[in-house]
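Per chain, numbering begins at 1; letters A, B, ... match sequence-line order.
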Amino acid sequence: MNDDALKATKEWMKRFQGLSPDADGLDDLAQAAEKVGGRLRGLSGAEPFGGQPSPFTKILESYAQKNKKNG
Amino acid sequence: MADELLALSLTETAAAIKGGKISSEEVTSACLIRADALGGKLNCIAGLNADAALAAAKATDSKISKGNDLGPLAGVPLAHKDMFYRQGRISGCGSKIRADFIPDQTASVLSRLDAAGALDIARLNMVEFALGVTGHNEITGPVRNPWNMDHITGGSSSGSGASVAAGLVKGALGSDTGGSIRFPAACCGVVGLKPTYGRVSRFGAMPLSYSLDTIGPLTRTVTDNALMFKIIAGFDAGDPTTSGLSVTDPLKTLEDGTEGLRLGVPENYFWDGADAEIRAMLEETVDTYRRLGAQITSVSVPGSIDITNALTSLITSCEGAALHGHWMRERPEDYGRQTLGRLTMGALTPAANYIQALALRDRILSQFMDAAFSTTDALLTPVMMGPVPTIASSDLAGNPGFADFITAMGHCTRPMNYLGLPGLSVPSGFSDNGLPTSFQLIGRPFDEATLYRAARAYERETGCTDKTPAL
């Protein structure tokens, strides 16, 4: 990340999160967040448009119940 | 006599107290003396409740002598990570920010252990706010590994791993959001369970990530672990994410062996990056299971598993940043650099990415279940990719590169938090540097009993939990 981008990130953090992180390490953190964001964009997009998310415990329970049914 | 008392496992201690062969006071005194002698060296104790513990032990003995049944853990000295709230007692969470925090409620897991008769003799050190896998803590200092004090304990339940391994207590609770029970168990040579998400109540426990946090036991033996799990598991109205499904008693099938058990060995992802020593240990473990009658099956896990490590980190950072936002703004100087760095990463992440990370969970779990569990009952993987590192070599604090280091550490553990599946860390021996090695058993949702059965068969065959550190 160049100096301008780093400065913009710091300003964004101050404006939208009320945080003033040290410049040291911010570059590393921003790049890590950017990297995973890019990978996510590659994976999502095929999500059902209209379904409601289920509570995760219920999803796990459904596998346990299926497992029980199949013996 | 004290050595004999300290050598007893949790289960043996409970039986001996119940049978009148030893008193709770004797064993509690022995543990307190050992904690006093070694707690400072290992830096594993946040606070010792010596007077209260001895008084409780005496009261237990008195009630038992009158024929009262006080529960399966009557008089057994335990201690827990300093993030399980007990009304009126400090719970510092390994931090400066909460160093004086006195909760007004008691964690459900502690209440359940209390009801089972267990004693809670100390608060155990931990990584600051449970955010870290190595055991380093810039506020309270690193907990030291009982097998070699120059090495890490793993984190974040660092004090729990060290205290159990060193025989200071018979068992301890930890929390696991990305590997925080399984790492200290693996590094310290004890047994550690990360249960299925929703199996154990988090009510009254310090939150880090609502979507990923789990609570489980660290113990010296498999049987001890199964017993503690049985006591703490089950629905709790205080934690709406807990499941109403009944808890399968893992003790009922514990000694059933692995004849016919279908054990999957992933041929991709989990072994990527494992060093030669770890690979050799795992191959030996697979051979042991084959000898024990298990059907070993090679399994190809879906490619989507590859991103789950990063998504676990993303969710933890985002939910952590939301929980810590006010302190991050008002008291940033009171955080360790790595803790603040990881929380800051959450503040840098767009909310839509966080929601997508959660939305993808169902799909990736479905792919994983189909690929991994259609032909197997459990999977066998590494916990760590190499030998336990030294404290000095893994002290990255908040320096550039720490995020990559943590990602590499969590390669085999974090996916299970994302998928919500149970993972059991089982000791398997020692590496060339004299530190413990371990493997991980991964199960279907709510099927902890199968993991315990498989681990117990291995333990019985190899005596993998017999050795204790010379301190």
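Residue S313(B) does not touch chain A at all, counting heavy-atom pairs closer than 4.5 Å. Using a 4.5 Å cut-off between heavy atoms, E34(A) makes no contact with chain B at all. For L314(B), the part sitting under 4.5 Å from any heavy atom of chain A is the side chain, from C-beta outward, and nothing else. At a 4.5 Å heavy-atom cutoff, the contact between S243(B) and chain A is made by backbone and side-chain atoms alike. Contacts of K58(A) with chain B are absent, with no heavy-atom separation under 4.5 Å from either backbone or side chain. Contacts of I59(A) with chain B are made by side-chain atoms alone, with heavy-atom separations under 4.5 Å and no backbone atom involved. Looking at R329(B), both its backbone and its side chain come within 4.5 Å of chain A, counting heavy atoms on both sides. For Y197(B), the parts lying under 4.5 angstrom from a heavy atom of chain A are both the backbone and the side chain. Contacts between P21(A) and chain B at a heavy-atom distance below 4.5 Å involve the side chain alone, from C-beta outward. With a 4.5 angstrom heavy-atom cutoff, T9(A) touches chain B only via side-chain atoms. In this structure, chain A has no heavy atom under 4.5 Å from any part of L340(B). For chain A, the nearby part of M369(B) is the side chain; its heavy atoms alone come within less than 4.5 Å.
Annotation: maximal heavy-atom pairing with chain A below 4.5 Å, among T349(B), T242(B), L245(B), occurs at L245(B). When the candidates L419(B), L365(B), D447(B), D362(B) are compared by the number of heavy-atom contacts under 4.5 Å with chain A, L365(B) comes out ahead.
Electrostatic pairing of D306(B) and R39(A) counts as a salt bridge here, judged by a charged N lying under 4.0 Å from a carboxylate O.
Taken from CZ in F373(B) to NZ in K66(A), the straight-line distance is 12.5 Å, to the nearest 0.5 Å. Here the CE atom belonging to M345(B) is positioned 5.5 Å from the CG atom belonging to L29(A), to the nearest 0.5 angstrom. For the atom pair OH of Y63(A) and OG1 of T196(B), the computed distance is 13.5 Å after rounding to the nearest 0.5 Å. A distance of 6.5 Å separates CZ of R363(B) from CG of L43(A), quoted to the nearest 0.5 Å.
Annotation: cation-pi pair R361(B)/F56(A) present, NZ/CZ under 6.0 Å from the ring centroid and within 45° of its normal.
Of all non-hydrogen atoms in A64(A) and P445(B), the two that sit nearest each other are CB-O, 3.8 Å. Nearest heavy-atom pair, A347(B) versus W12(A), reported as atom, atom and distance to 0.1 Å: O-CZ3, 3.4 Å. In terms of heavy-atom proximity, G244(B) sits nearest to E61(A) at N-OE2, 3.4 Å.
The closest donor-acceptor contact from the side chain of T57(A) to the backbone of T241(B) lies under 3.5 Å.
When side chains are defined from C-beta on, L40(A) counts as touching L360(B), because their heavy atoms get closer than 4.5 Å. Residues T344(B) and Q17(A) fail the side-chain proximity criterion, which asks for heavy atoms closer than 4.5 Å. V36(A) has its side chain out of reach of N353(B): every pair of non-hydrogen atoms, C-beta onward, lies at least 4.5 Å apart.
Counting heavy atoms of neighbouring residues, nucleotides and ligands inside a 6.0 Å radius, atom CG of D370(B) exceeds 12 of them.
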